[in-house]
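Have a look at the structure below, then the notes.
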Amino acid sequence: MATSLVIFGASGDLTRRKLVPALFSLHRKKRLPDDLNIVGFARRPYDEARFRELMRDGIKEFAEDHYADAAWKDFETKLHYVQGDLGTKEDFGTLDARLSELERGASDRLYYFSIAPRFYESTIDLLGSCGMARENGGYRRVIIEKPFGTDLGTARGLNAAVHGVFDESQIYRIDHYLGKETSQNILFSRFANTVFEPLWNRNYIDHVQITVAESVDVGHRAGFYDGTGVLRDMFQNHLLQIMTLVAMEAPSSFNADAVRNEKTKVLAAVRTAGPERLAHDTVRGQYRGYADAEGVASGSETPTFAALKLQIDNWRWQGVPFYLRSGKALAEKVSEILIQFREPPHMMFPLPPGATIRNNYLAICVQPNEGMHLRFEAKVPDTLAELRSVDMEFHYDENFDGIAIPEAYERLLLDGLQGDASLFARSDGIELSWKIIDPILEGWTTPDAPRLEVYERGSWGPKGADALLGGDGRSWMRGCGKH
Ligand code: BG6
């Protein structure tokens, strides 16, 4: 049976940069279904040859290492293009006719929304009214890019619209952080081993830090970004999803619903920020010069940086703060999770005067230098009782020599084609994430809000971010640097 992957918004950046390079890599690994059509749909007046050429140039530009002429010649025969408008029913008819022609009978279809969110609902409606969501012996699925809504109300509205046409089991809401190899490995580290899990709770963990820092500024996306800000762009999805992987209980199986049930429970247990806590537990910043960029409203208060202190109200995590920070134009591009353990209950060693006890930590290096570092104290040789912090390190490039870490989109596209939704967000998870973010967004418009702090480009964000931890006697740490 034929499979069609339809990319709505095929002329956009994501298609050239990520989707088609990922599909090409899957093709080279022989993981794609045998009879696959990849059909781009967009307004631009390309013919098939031009579309193929553009996609090839995209691979050469963004995934050069993967490119090979012979493989491309084979792959490009799968690529097709239909010109059309997302708001025009007749164009959906044309698309459907072209798909039927390629499929020759019953088929599986995966629709990928790589389009502006304002078109999500109308596209869903047209898929429904044109009969394109009806299964005909094969599946019909839809992958929806982030952002999924801009607050709880719009996310609920969008869920209702999608559920009007597709069943939840047919819906794949993408969060590309979940497709990253190192994010996937969080559950494997925790639940395919016994060394970590007995310590993974309030008895041994002091606090958790999650950093997703970017060195780039908002660049040409300023127009979009100004209406979005860092909480909607990074926290509602990527940071909260990573937090659930760190905090969730062990599911009984590695099945999409079992995994997502546990993640949902974490989100439901996050304490929502009351107005009285906002100034204490949240920090918002904007890099210097942001407000002067083209596309940004003058005097814009859109935060490009945020730091939050969140509490999870359950037995495992009571009293263990989760500090989350993310921002643009920071010193480095790095994503890492730092699990800071408690101090030893009693120090029996006669430490040299002035020496302090350093807590152990486990750092999960999401990107770059993918791996894990476990920091602990060791006795310095030839001293009586001098301690030094040392690291045990695991790095993908050393331990899995010759196996390149795939792009997140490879895993996610393959899972979409194969029907595995474990790495995708479910409707209840999305709505619960907005329930955490909405009160902060709302609170930031009131007099209780922490002030918007300007920070220097290339720094680690505003001073308030340091004070957020400093007030608790802690500080941000980097656990993943090369030592
Ligand atoms: C996207 C955000 O979801 O993630 C971008 O919209 C951000 O603003 C990007 O730059 C970061 O992804 P990665 O994989 O480069 O860390």
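Below, each value reflects all heavy atoms present in this structure, side chains not excepted, and no hydrogens, waters or symmetry copies. Predicted model only: the values in this text are computed from it and were never measured. We count ligands from 1, going down the list as the structure has it; atoms in each ligand are counted the same way. Throughout, numbering of the chain's residues begins at 1 and tracks the sequence.
Nearest heavy-atom pair across K328 and Y225 is CE-CE1, 3.7 Å.
In this view, F235 satisfies the ring-ring contact (aromatic ring centres under 6.0 Å, His included) rule with no residue, not counting sequence neighbours. In terms of the salt bridge (charged side-chain N to carboxylate O under 4.0 Å, His left out) criterion, E145 has no residue partners (sequence neighbours excluded). By the side-chain hydrogen bond (donor to acceptor under 3.5 Å, both in side chains) test, K60 is found to be paired with no residue, residues two or more places apart in sequence or in another chain being considered.
Within the 4.5 Å cutoff, side-chain heavy atoms of E410 are placed close to those of K29. Taking the side chain as every heavy atom from C-beta outward, P251 and N261 never approach each other to under 4.5 Å.
Enumerated by chain and number, the residues approaching ligand 1 to less than 4.0 Å through a heavy atom are K146, H176, Y177, K180, E214, R221, D233, M234, H238, K328, K333, Q367.
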